[in-house]
There are 4 protein chains.
Amino acid sequence: MTAPRSAVAGELGTSKAAARIRAAAIEVFAAKGYGATTTREIAASLDLSPGAVYPHYKTKESLLYAISLEGHHAVLTAIRNSDRTDSPAGKRLTATVTAYVAWHARNHALARVVQYELRSLSDEHFGIIADLRRSTSKVFTRIIEAGAAAGDFHPIDTEAAALAITSLGVDVSRWFPSNAYSDPDVVAERYVELALRMVGSAS
Amino acid sequence: MTAPRSAVAGELGTSKAAARIRAAAIEVFAAKGYGATTTREIAASLDLSPGAVYPHYKTKESLLYAISLEGHHAVLTAIRNSDRTDSPAGKRLTATVTAYVAWHARNHALARVVQYELRSLSDEHFGIIADLRRSTSKVFTRIIEAGAAAGDFHPIDTEAAALAITSLGVDVSRWFPSNAYSDPDVVAERYVELALRMVGSAS
Amino acid sequence: MTAPRSAVAGELGTSKAAARIRAAAIEVFAAKGYGATTTREIAASLDLSPGAVYPHYKTKESLLYAISLEGHHAVLTAIRNSDRTDSPAGKRLTATVTAYVAWHARNHALARVVQYELRSLSDEHFGIIADLRRSTSKVFTRIIEAGAAAGDFHPIDTEAAALAITSLGVDVSRWFPSNAYSDPDVVAERYVELALRMVGSAS
Amino acid sequence: MTAPRSAVAGELGTSKAAARIRAAAIEVFAAKGYGATTTREIAASLDLSPGAVYPHYKTKESLLYAISLEGHHAVLTAIRNSDRTDSPAGKRLTATVTAYVAWHARNHALARVVQYELRSLSDEHFGIIADLRRSTSKVFTRIIEAGAAAGDFHPIDTEAAALAITSLGVDVSRWFPSNAYSDPDVVAERYVELALRMVGSAS
DNA sequence: GATGAATGAGACTTCATTCAT
DNA sequence: AATGAATGAAGTCTCATTCAT
């Protein structure tokens with residue numbers, strides 16, 4: 001486990017009640033945006049009184065932070081766990097893009113909060129999250145570089161390709177599900193093909 | 001001009017003051033999100049009193065709508081104007097992706113509002129905007145189809161490719177400018193190359 | 001002891017824990033005022049949980065009442081115990097003013113609660129306390145009257161003098177300790193001199 | 001006028017509405033204490049909506065500060081205006097104590113706020129107020145010193161006498177009006193006599 | 001006896017909007 | 001058109017108190 005439980009514990013909510021509140025908040029934040037969500041709505045969606053959130057999260061922002069931290073850990077864990085670093089780059093890119101895209105589709109509500117509500121974090125919390133995001137990007141960049149070095153990939157611009165792959169994944173959380181795509185695995189499969197083409201994969 | 005002046009006029013704000021308010025609102029909406037922005041902030045950023053917005057826009061939502069409508073018209077106009085429908089598909093895709101991506105980079109504040117604040121529109125306004133968005137997507141779909149028919153492109157899945165190209169453009173407004181990319185034309189150029197690869201362009 | 005133990009017992013808190021809570025409450029009430037003090041603060045200052053006060057005091061007001069009652073009994077006891085009713089008035093005034101002033105200085109936190117938070121008592125509790133206060137005032141009035149009758153004192157207005165002496169004592173709890181005076185006995189000594197002059201003591 | 005209007009203006013409320021709010025707040029603060037008073041009560045006592053206070057005072061504390069500042073200026077002005085610095089000390093003490101005591105009786109609600117709610121001010125505001133209070137005390141100290149130097153007064157301890165005189169005045173706001181005393185001028189007259197005795201006035 | 005989550009009420013404050021000026 | 005006080009509703013958060021554990 002990349003993110004040790006202990007790091008997320010304490011004020012971030014380990015109790016069952018805290019987890020339920022987080023889950024409820026994810027749905028509402030995703031639907032209306034953090035700024036337009038009231039703590040009352042979150043409580044009401046669990047049939048709780050308005051103040052019941054506060055024994056678990058001292059502020060609305062700390063709730064967002066807990067969600068954001070958990071979410072970012074989850075994505076990073078997902079792609080790191082899927083990456084077989086001793087396989088050829090093509091396999092690695094396939095595995096990680098699949099994991100990344102499928103995660104954003106499957107957890108689209110959480111993903112939306114994770115990807116689009118960062119600006120509402122406090123400066124301190126934002127800094128911690130920003131570090132996690134850099135770690136995530138780096139995974140793709142490293143794989144493309146490895147593929148290019150091995151002659152498996154022929155990217156025109158490694159950085160642009162890595163950015164585009166990330167963008168594709170992030171943006172899934174904005175529109176998923178759509179009329180055309182409502183199966184996370186299908187989206188992942190299509191996007192893997194596009195990713196391989198973007199990096200100029202030989203296969 | 002695709003959108004006739006008259007359609008945008010009236011309550012949508014043709015006066016100079018209305019335009020200034022729109023411009024100010026774009027910046028604040030982009031920075032904090034519609035839900036977290038107060039009408040007071042918009043007024044204050046123009047050194048106006050809280051009530052000064054209301055002679056021009058009856059509600060905060062109508063201000064968002066005016067911005068959204070103007071923005072969506074602008075993107076659609078930008079790609080339509082750049083599209084030479086009698087050229088080969090490769091040239092067309094190059095021209096339209098360039099226009100689309102560069103527009104999102106150059107107008108990143110407006111683009112962010114346009115792309116991420118839709119959910120705050122009234123149902124009626126949302127419907128009107130949704131039509132414009134479909135028109136925009138269709139431009140890319142048609143070009144890819146034309147390229148495939150002509151044998152210039154070899155997409156694995158036309159719809160997925162069109163979606164991905166749109167996603168790439170939309171997502172530019174989320175991160176632009178970054179340390180690596182702060183020139184709209186450079187981003188556009190890189191993304192055109194990626195788009196051509198995604199559609200399996202022969203060239 | 002004027003107040004029989006039994007009258008103060010029961011709901012007023014005889015246990016050690018109740019006494020600790022009262023002591024903690026006195027400090028916080030004195031520092032911030034009853035209205036601005038939360039029961040949580042009192043509990044927290046003893047490292048107890050928010051609910052821990054309630055097994056001992058059913059309401060915040062009953063805690064104030066217990067403190068107020070104990071405090072008023074204490075002052076009354078202090079001056080009564082110091083008063084030698086068979087001595088000359090000068091000695092009696094000296095003894096009682098010393099006791100009164102020193103008590104307010106020494107117990108300035110409790111005194112502040114006792115003197116300034118009466119309005120937050122329930123009507124019933126206020127009535128009980130008001131009786132105690134009248135008994136206290138009467139001590140000074142009686143002494144001055146006795147002194148005047150004996151020709152030891154020459155007050156211009158007995159009631160005003162008694163009131164002023166009380167005021168001086170009460171007000172000590174507002175400012176004590178100050179830069180100039182931080183020894184209760186010194187304050188008491190000075191104020192006795194002033195009191196004797198106010199009543200026109202011959203000596 | 002010692003306190004120039006301009007110094008109190010601006011955020012402190014010069015408008016008629018601000019003055020009405022201040023007047024209403026004084027009554028409620030005096031009756032229940034600042035900590036126990038709600039901004040709603042203040043607004044309600046003027047038949048205003050809860051939010052109507054806020055265009056005039058940004059916070060409850062700033063309202064307290066405005067009241068406190070105005071009140072402290074008023075006391076200081078009252079005693080300074082009554083002091084004829086070229087008269088003998090006896091006359092000066094008579095005039096200033098009269099002014100001080102009568103002010104506390106006549107404005108007992110304001111005086112109570114001024115004297116007993118200081119602890120609720122912000123540190124910055126408290127500092128400003130504390131300066132004003134020192135200026136007030138100094139008036140009495142100087143007069144007693146002058147009287148002592150001229151041989152008019154024979155105080156045992158100048159500082160204690162000045163402190164006691166201040167205490168007497170302050171404490172008036174706690175109990176005034178009482179059954180015995182409800183005329184400010186009568187209280188003032190009695191207290192002047194006591195003050196003169198306390199300083200050992202020859203007359 | 002103590003804990004701490006939960007409640008119901010309510011606190012301070014803000015907000016979109018209105019309206020007299 | 002603009003101002004700014006005012007409103008009514010609501011927002012975040014706190015609080016005295018309760019209660020299951």
Side-chain angles (χ1 to χ4, degrees), chain A residues 13 15-18 20-21 35-43 46-63, chain B residues 15-18 20-21 34-44 46-64, chain C residues 15-18 20-21 34-44 46-64, chain D residues 13 15-18 20-21 35-43 46-63:
Chain A
S15 72
K16 229 174 210 169
R20 286 183 64 229
I21 290 170
T37 299
T38 72
T39 55
R40 277 176 147 78
E41 287 172 297
I42 298 167
L46 293 170
D47 270 310
L48 290 175
S49 68
V53 172
Y54 289 86
H56 303 286
Y57 293 99
K58 264 192 291 223
T59 62
K60 189 182 160 192
E61 191 271 347
S62 81
L63 176 52
Chain B
S15 72
K16 227 174 214 171
R20 286 183 65 229
I21 289 170
Y34 174 84
T37 298
T38 72
T39 55
R40 278 171 153 78
E41 286 172 298
I42 298 167
L46 293 170
D47 271 311
L48 292 175
S49 70
V53 172
Y54 289 85
H56 302 284
Y57 293 98
K58 265 192 284 220
T59 64
K60 190 182 159 191
E61 190 270 348
S62 79
L63 176 52
L64 174 62
Chain C
S15 73
K16 228 175 211 168
R20 287 183 65 229
I21 289 170
Y34 174 83
T37 297
T38 72
T39 56
R40 278 172 154 75
E41 286 172 297
I42 297 167
L46 293 171
D47 271 312
L48 292 175
S49 70
V53 172
Y54 289 85
H56 302 285
Y57 292 99
K58 265 194 284 224
T59 63
K60 190 182 159 192
E61 191 270 346
S62 79
L63 177 51
L64 174 62
Chain D
S15 72
K16 227 172 211 170
R20 286 183 65 230
I21 289 169
T37 299
T38 73
T39 55
R40 278 178 144 78
E41 288 172 296
I42 299 167
L46 294 170
D47 270 310
L48 291 175
S49 68
V53 172
Y54 289 85
H56 303 285
Y57 293 99
K58 265 192 289 221
T59 63
K60 189 183 160 191
E61 189 272 346
S62 80
L63 176 52

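What you are looking at is a predicted structure, and each value in this text was computed from that prediction instead of being measured. Residue numbers begin at 1 in each chain, while the letters A, B, ... track the order of the sequences.
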What integer distance in Å separates [X]:[atom1] from [N]:[atom2]?
X: C/K16; N: E/dG1; atom1: NZ; atom2: C1'; answer: 15 Å
X: C/D47; N: E/dG4; atom1: CG; atom2: P; answer: 11 Å
X: A/Y57; N: E/dA6; atom1: OH; atom2: C1'; answer: 16 Å
X: A/I21; N: F/dT12; atom1: CD1; atom2: P; answer: 14 Å
X: C/K58; N: F/dT17; atom1: NZ; atom2: C1'; answer: 13 Å
X: D/Y54; N: E/dC12; atom1: OH; atom2: P; answer: 6 Å
X: B/K60; N: E/dA16; atom1: NZ; atom2: P; answer: 5 Å

Could you check which of [options] has an atom nearest any side-chain atom of [X]?
X: C/A17; options: E/dC15, F/dT12, E/dA2; answer: E/dA2
X: B/T38; options: F/dT17, E/dT7, E/dA16; answer: E/dA16
X: D/S49; options: E/dC12, F/dT3, F/dG8; answer: F/dG8
X: B/R40; options: E/dC15, E/dA6, E/dC12; answer: E/dC15

request  = Pick out which of B/I42, B/V53, B/T39 makes a side chain to side chain contact (heavy atoms under 4.5 Å, CB included) with B/K60.
outcome  = B/T39
request  = Return yes if some donor-acceptor pair links the side-chain N/O of B/Y57 with the main-chain N/O of B/L64 below 3.5 Å, else return no.
outcome  = no
query = Hey, is the main chain of B/E61 close enough, under 3.5 Å, to the side chain of B/Y34 for a donor-acceptor pair?
reply =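 Looks like yes, one N/O pair under 3.5 Å.
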request  = Identify whether any heavy atom of D/T37 sits under 4.0 Å from a base atom; if not, whether one sits that close to sugar-phosphate; answer base, sugar-phosphate or nothing.
outcome  =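 The residue D/T37 makes sugar-phosphate contact but no base contact.
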